[in-house]
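Below: the structure, in structure tokens.
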Amino acid sequence: MAAITLIEGVTRALAHEMERDERVIVLGEDVGVNGGVFRATAGLQQRFGDQRVQDTPLAEAMIAGLSVGMAAQGMRPVAEIQFEGFVYPAVDQIVNHAARLRTRTRGRLTCPMVLRVPYGGGIHAPEHHSDSPEAMFAHMPGIRVVIPSSPARAYGLLLAAIRSPDPVVFFEPKRIYRLQKQEVPDDGEALPLDVCYTLREGEDVTVVTWGAMTWETLKAADQLADDGISCEIIDVATISPLDHETILESVERTGRLCIVQEAPRSFGVASEIAAVVAEQALYSLRTPISRVTGYDTIMPLFRLETEYMPSVQRVVDGIRAALEE
Amino acid sequence: MAAITLIEGVTRALAHEMERDERVIVLGEDVGVNGGVFRATAGLQQRFGDQRVQDTPLAEAMIAGLSVGMAAQGMRPVAEIQFEGFVYPAVDQIVNHAARLRTRTRGRLTCPMVLRVPYGGGIHAPEHHSDSPEAMFAHMPGIRVVIPSSPARAYGLLLAAIRSPDPVVFFEPKRIYRLQKQEVPDDGEALPLDVCYTLREGEDVTVVTWGAMTWETLKAADQLADDGISCEIIDVATISPLDHETILESVERTGRLCIVQEAPRSFGVASEIAAVVAEQALYSLRTPISRVTGYDTIMPLFRLETEYMPSVQRVVDGIRAALEE
Amino acid sequence: METIADFEIQYSQFLDPDGRPSDTLPDFAQDSEQLIEMYRQMTLVRIFDGKAINLQRTGKLGTYASSLGHEASHVGIGAAMRPEDCLAPSYREYGAMLWRGVKMSEILLYWGGDERGSRFEHAPHDFPFCVPIATQCLHAAGAAMAYQLRGEPRCAVSINGDGGTSEGAFYEALNVAGAKKLPVVFVVINNKWAISVPLELQTASRTLAQKAVAAGIPGLQVDGNDVIAVRHWMERALERARRGEGPALIEAITYRLSDHTTADDASRYRKKEEVEAARAIEPLLRLRRYLVEQGLWDDAREEALRAECVERVDAAVESYINTPRAPVTDMFDYLFEKLPDHLVAQREMAQHYDRGGRH
Amino acid sequence: METIADFEIQYSQFLDPDGRPSDTLPDFAQDSEQLIEMYRQMTLVRIFDGKAINLQRTGKLGTYASSLGHEASHVGIGAAMRPEDCLAPSYREYGAMLWRGVKMSEILLYWGGDERGSRFEHAPHDFPFCVPIATQCLHAAGAAMAYQLRGEPRCAVSINGDGGTSEGAFYEALNVAGAKKLPVVFVVINNKWAISVPLELQTASRTLAQKAVAAGIPGLQVDGNDVIAVRHWMERALERARRGEGPALIEAITYRLSDHTTADDASRYRKKEEVEAARAIEPLLRLRRYLVEQGLWDDAREEALRAECVERVDAAVESYINTPRAPVTDMFDYLFEKLPDHLVAQREMAQHYDRGGRH
Ligand SMILES: Cc1ncc(C[n+]2csc(CCOP(=O)(O)OP(=O)(O)O)c2C)c(N)n1
Ligand SMILES: Cc1ncc(C[n+]2csc(CCOP(=O)(O)OP(=O)(O)O)c2C)c(N)n1
Ligand SMILES: [Mg+2]
Ligand SMILES: [Mg+2]
């Protein structure tokens with residue numbers, strides 16, 4: 001069995017579910033013959049035909065609204081938004097409809113759709129191709145926000161997202177699409193959508209992160225291990241609804257918390273995690289919470305993007321800060 | 001001098017700036033002859049003519065995009081979005097353009113526009129008319145988010161917003177549009193856009209809130225005062241960029257923090273405030289931070305909206321929670 | 001210069017304002033049963049509408065959007081659709097919704113601030129009320145895509161107003177429907193006003209039917225006060241869509257005789273004379289004149305019908321008034337299929353306070 | 001049934017693919033200076049384009065969107081505009097941008113990942129590159145509104161692609177421009193492809209010019225490989241707009257001879273033959289044939305021009321390559337007019353790490 005990348009994990013999950021469930025439909029810009037600009041849907045149209053894998057006209061509000069309509073009438077659309085910078089026209093359909101169709105109709109109509117959104121910086125992409133807007137969606141009740149950080153989690157979480165009876169915004173960290181290969185059996189096993197994943201156990205400090213930043217965080221932990229510092233690393237993965245338990249249990253044990261996010265610092269996902277801990281585990285905290293984040297500025301074009309995104313060094317420093325009284 | 005309401009403060013500020021600066025243009029749906037569905041622009045078209053006060057076709061992305069275009073070419077548009085539930089189609093223009101025009105052009109083009117958005121629940125309005133989406137905008141670098149909570153602050157902050165060389169999303173708490181009358185001289189004095197406003201000084205606990213919830217919070221503080229508990233009440237008002245200092249200084253003094261927000265609990269503005277304190281004033285905290293918020297559910301239609309929004313009792317309980325070890 | 005494409009927009013009316021045929025009537029209109037049934041429905045809606053406004057005025061209903069004057073457009077749409085078709089309405093098309101099986105008590109619940117108003121017990125696959133203007137056009141297109149994918153002979157219908165034609169979502173829906181030949185019919189109810197904004201300020205387009213040209217789909221304008229025209233052309237468009245020949249746009253010309261909603265005061269922005277002129281060509285009068293002329297209707301029947309309608313409306317009002325507030329836990333229980341863990345505590349808190357809870 | 005509105009879409013071409021006049025040439029085309037100036041600019045853009053692709057291939061530039069094949073459309077737009085007008089481009093209209101004063105080195109900086117690429121030293125009021133498809137149409141409408149409000153005789157021009165006509169923002173812009181008679185011209189460069197999506201999947205509309213019908217504004221299709229046609233009709237539309245007669249839509253038919261960007265591989269989704277056929281009718285050849293036929297051009301001049309262009313392009317490349325990375329503080333210093341307090345610490349942190357900082 002050949003090892004696969006994160007993006008191949010996505011493709012494999014799509015193919016698996018399309019095979020298993022004929023209600024599953026893939027749609028989006030360039031997802032057909034072209035197989036998606038990142039090649040996540042490569043080969044699917046050839047295999048499943050141009051009805052089940054449909055190129056759409058260029059309009060994101062339309063892609064989302066069409067998906068809401070299809071989902072409400074019994075299909076399971078999996079739509080691709082080409083880059084996170086183009087998800088904003090779809091926000092209205094997500095907040096005002098996808099997220100609340102079940103609520104608004106008292107369960108009569110539901111919205112089992114997935115919006116796949118490659119996101120984040122670090123691939124030397126053009127303007128508007130490097131944002132991290134997950135917090136905006138996490139704040140909206142009624143949708144799940146999921147972010148895989150490995151080939152296996154991409155496969156397992158995407159299966160779960162497609163099977164979810166409720167809408168999921170599935171952010172794919174494009175920087176690590178092809179970073180790592182892993183053996184991922186095509187066994188159709190979905191992962192749970194309501195737990196955080198502990199990537200490494202440790203004692204001195206809890207480090208919480210997600211998406212591509214798991215990589216910097218793991219490397220930082222390696223460096224700190226050389227100095228005898230033991231980090232527990234949690235990949236949130238299921239951003240919303242957030243699994244409080246795993247995080248609280250860990251912080252109660254380590255007494256220290258560092259949160260690493262690529263998005264701008266203020267009003268992000270890291271803030272919520274900090275708030276939950278400051279509310280529910282304050283007395284366990286031996287040191288102030290430390291956030292390592294992007295700056296509260298516009299993600300710069302790529303000549304400066306490395307300076308924007310938390311580096312391994314910044315994560316190391318941020319974890320050390322959490323260790324200092 | 002007759003006392004005026006919050007919404008009259010808005011109207012007065014608009015009129016003042018239109019008089020003073022002919023670049024100021026008011027636009028939106030029904031803002032002309034009709035004077036806005038809430039009457040915030042009442043009388044302006046009569047006074048300034050149908051060029052400077054323009055009804056637009058029904059399209060929020062268009063209203064925002066038109067404003068960006070006008071602002072970039074030397075005007076000072078003040079656009080009204082009828083209700084916060086209809087601001088979502090405008091998000092793309094706000095995030096991808098208004099917020100970053102100065103950054104993208106290295107200061108060559110700027111975007112001095114204001115988007116006025118009545119928001120929040122409690123007025124027995126129809127569906128999609130009662131949300132509190134301020135956190136979504138606060139997370140976007142490059143725009144200011146401002147929320148007045150009194151007639152005087154509506155006047156002074158809106159003047160400041162219109163004069164701001166950068167874009168402002170100005171949320172107006174519709175529930176308190178007509179709750180209170182205050183003498184507000186039409187003196188053209190703008191308020192600062194970078195500080196929080198301390199509504200009441202106190203010693204035992206810092207209570208941070210904004211918008212309509214300032215009212216429940218003040219009432220709760222009155223009740224608690226009867227029990228000898230002294231609350232310091234801060235109206236954030238300038239949500240983003242957030243004034244850390246006022247909040248930190250207060251928490252360092254009181255050692256306790258309760259945050260009250262109408263929006264859903266998770267990933268909201270309250271989370272950021274909690275995070276800042278947990279990061280920068282942890283050792284001052286004598287008790288866990290307490291958040292009193294809307295629930296992480298869709299804002300219900302009005303028969304249940306009172307049950308959704310933090311009541312005075314809930315605020316009292318939340319403040320008491322912050323007082324308990 | 002060479003002409004490479006040309007387009008015509010047609011207008012159709014069968015009954016003029018005096019109830020006189022202005023064109024050869026379509027087949028269904030030869031069937032008096034069917035005409036009377038539509039008249040009955042239009043009358044019911046109008047009586048319901050008046051009652052709803054009263055309820056609002058007396059504090060028993062929230063803001064309400066009247067359908068006064070739109071009855072022919074709405075009933076014509078409903079009558080043309082099959083039960084298995086799917087309606088994506090906006091917020092005032094009661095004539096169509098009732099025909100589809102939505103209950104009057106549900107409509108009242110909706111405007112009474114209760115989500116159970118969109119429960120639509122007898123219109124199980126129709127979309128709920130839709131307030132965010134024109135967003136429902138995309139839902140109709142999506143529904144049509146579901147039917148197309150499954151090879152089902154079903155159509156979707158969306159309804160929006162003249163104001164709604166300015167929203168990007170409207171055009172995006174027309175365009176994708178054209179590109180994919182989806183079985184969907186888009187109806188624009190042109191009642192001349194979007195709250196206070198008159199059509200001239202909304203668009204420079206002479207007709208709204210011609211918006212179809214942008215999507216390469218057929219567009220037609222009909223007299224929206226003539227229920228026969230609305231129903232006939234809806235049927236034709238639906239048949240065509242069902243045969244796989246793609247979508248169409250129908251503009252129904254009518255007039256909003258009421259305020260925009262009970263929260264609005266239209267006298268602020270439009271002239272009495274304009275409203276009076278529109279009242280003179282309103283839809284019920286016209287069909288009734290025709291029926292009377294044909295010997296199918298008289299004062300006695302009218303009186304009996306009105307009494308029957310009042311009774312039905314009163315029963316619906318009673319059912320509405322007697323519906324107790326939903327439990328506070330409903331806020332949580334319809335959010336996801338299964339309640340997420342962190343909401344369990346919030347749900348309990350809501351219950352606690354609902355019981356008047358204090359610590 | 002009665003016809004209540006009708007529309008025609010016209011097509012215009014002055015030079016056929018062989019460079020032979022197919023219609024009476026407009027006045028400006030009688031002036032050989034002007035024709036040669038446009039030919040020079042088209043040649044410059046093409047040479048620039050080839051160089052940029054080389055830079056990308058050798059790792060000296062990021063993803064780059066080629067304008068190969070679009071030169072006539074782009075240069076025709078630029079040549080028709082006045083300096084005080086305002087351009088809202090998308091991302092590949094170098095021919096128009098250069099004409100407006102944008103520097104080649106700025107274009108390279110932009111695709112080299114440097115915000116200074118949108119600094120536009122010599123096109124001070126033009127909008128920057130615009131990647132979010134069709135959003136710039138609204139900026140052009142807004143700019144036009146600013147000029148209209150101030151009574152300035154200026155126009156705005158937006159450019160988007162065939163794919164861009166599917167976005168709601170495109171229609172919303174056309175509609176508001178029509179409703180308010182704004183001095184703006186919308187240009188759609190129909191190059192047949194939106195990345196891998198061919199026009200047939202994008203819309204059922206036979207022409208893109210007819211999208212104007214939805215907004216009640218004039219729409220015209222021109223041969224986008226004929227710089228004379230593009231410039232002529234742009235000038236006419238701009239004059240009309242400047243006179244206060246409102247907006248127009250011009251569709252320029254051309255072909256994207258390159259991959260979508262350097263990150264794309266068009267051979268995956270389109271046939272060689274189609275590309276070859278398009279190459280045969282490309283814009284430079286056509287104008288050159290005409291000029292040669294008129295005795296205005298020959299091989300020697302061609303060679304001299306090419307040498308001159310190569311030199312200019314090389315100078316721009318050198319200036320680009322020698323532009324040092326901007327200071328890390330630029331991230332902060334252009335966010336707001338004045339740096340907010342809480343960003344001071346973040347700015348310092350960025351500087352600290354940029355200096356290789358460790359604690
Ligand atoms: C996206 C959006 N923007 C604004 C509103 C507020 N609003 C409600 S109805 C209305 C006017 C709608 O006019 P039209 O489409 O002509 O429908 P009508 O009310 O005449 O039936 C407006 C602006 C809304 N509901 N949704
Ligand atoms: C809103 C948005 N969605 C998606 C994209 C990704 N994208 C970049 S170019 C492009 C195709 C554009 O096609 P067209 O409008 O025909 O312009 P062309 O590239 O042919 O000049 C797409 C889908 C984008 N830039 N913006
Ligand atoms: Mg209307
Ligand atoms: Mg194209």
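Since this is a predicted model, take the numbers as computed values, not measurements. Chain A is the first sequence line, chain B the second, and so forth, proteins listed ahead of strands; every chain is numbered from 1.
Rounding to the nearest 0.5 Å gives a distance of 4.5 Å between CD1 of Ile159(D) and CG of Leu87(D). Interatomic distance, Glu8(D) CD to Glu8(C) CD, rounded to the nearest 0.5 Å: 10.0 Å.
Heavy atoms of Ala215(C) lying under 4.5 Å from chain D belong exclusively to its backbone. Proximity to chain C is absent for every atom of Leu174(D), based on heavy atoms less than 4.5 angstrom apart. Of the two parts of Ile217(C), neither the backbone nor the side chain holds a non-hydrogen atom closer than 4.5 Å to a non-hydrogen atom of chain D.
Under 3.5 Å, the side chains of Tyr255(D) and Glu274(D) contain a donor-acceptor pair of N or O atoms.
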List the steps, then state whether side chain to side chain contact (heavy atoms under 4.5 Å, CB included) holds for His74(D) with Val230(D). CA-CA 9 Å; His74(D) 298 166; Val230(D) 175; over 6 Å; no
Is there a side chain to side chain contact (heavy atoms under 4.5 Å, CB included) between Tyr91(C) and Gln136(C) once you walk through the steps? CA-CA 11 Å; Tyr91(C) 42 82; Gln136(C) 74 275 21; over 6 Å; no
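Here the options are Ile228(C), Val227(C), Asp223(C), Asp16(C), the test is side chain to side chain contact (heavy atoms under 4.5 Å, CB included), and the partner is Arg286(C); only Asp223(C) passes.
Taking Ile4(C), Asp6(C), Thr165(C) one by one and counting their heavy-atom pairs under 4.5 Å with chain D, the maximum is reached by Ile4(C). Looking only at heavy-atom pairs under 4.5 Å with chain C, the residue among Gly219(D), Gly168(D), Ser22(D), Ala173(D) that has the most is Gly168(D). Ranked by heavy-atom pairs under 4.5 Å with chain D, the first of Gly246(C), Ser166(C), Ser12(C), Ala229(C) is Ser166(C).
At least one side-chain heavy atom of Glu239(C) sits less than 4.5 Å from a side-chain heavy atom of Arg236(C). In this structure, Met1(D) and Trp233(C) have side chains that are in contact, with non-hydrogen atoms separated by less than 4.5 Å. Side-chain contact between Glu172(C) and Phe170(D) is absent, with no heavy-atom pair separated by less than 4.5 Å. Annotation: side chain of Cys130(D) is not in contact with side chain of Pro128(D) (no heavy-atom distance under 4.5 Å). Counting heavy atoms from C-beta outward, Gln34(D) and Arg231(D) have side chains that approach closer than 4.5 Å.
A salt bridge links Asp264(C) with Arg256(C): the distance from a Lys NZ or Arg NE/NH1/NH2 to an Asp or Glu carboxylate oxygen falls below 4.0 Å.
Chain C is approached within less than 4.5 Å, heavy atom to heavy atom, by Leu201(D), Gln202(D), Thr203(D), Ala204(D), Ser205(D), Arg206(D), Thr207(D), Gln210(D), Lys211(D), Val213(D), Ala214(D) from residues 198-214 of chain D, ordered by number. Residues of residues 175-195 of chain D lying under 4.5 angstrom from chain C, judged on non-hydrogen atoms, are Asn175(D), Gly178(D), Ala179(D) by number. For residues 139-157 of chain D, heavy-atom neighbours of chain C at less than 4.5 Å comprise no residues at all.
A donor-acceptor contact shorter than 3.5 Å links the side chain of Gln30(D) to the backbone of Leu25(D). Judged by distance alone, the side chain of Asn225(C) and the main-chain N or O of Glu282(C) form no donor-acceptor pair under 3.5 Å.
Under the side-chain contact (heavy atoms from CB on, under 4.5 Å) criterion, Asp23(D) pairs with Phe14(D), sequence neighbours left out.
For the pair Arg20(D) and Tyr290(D), the cation-pi criterion (under 6.0 Å, within 45° of the ring axis) is not fulfilled.
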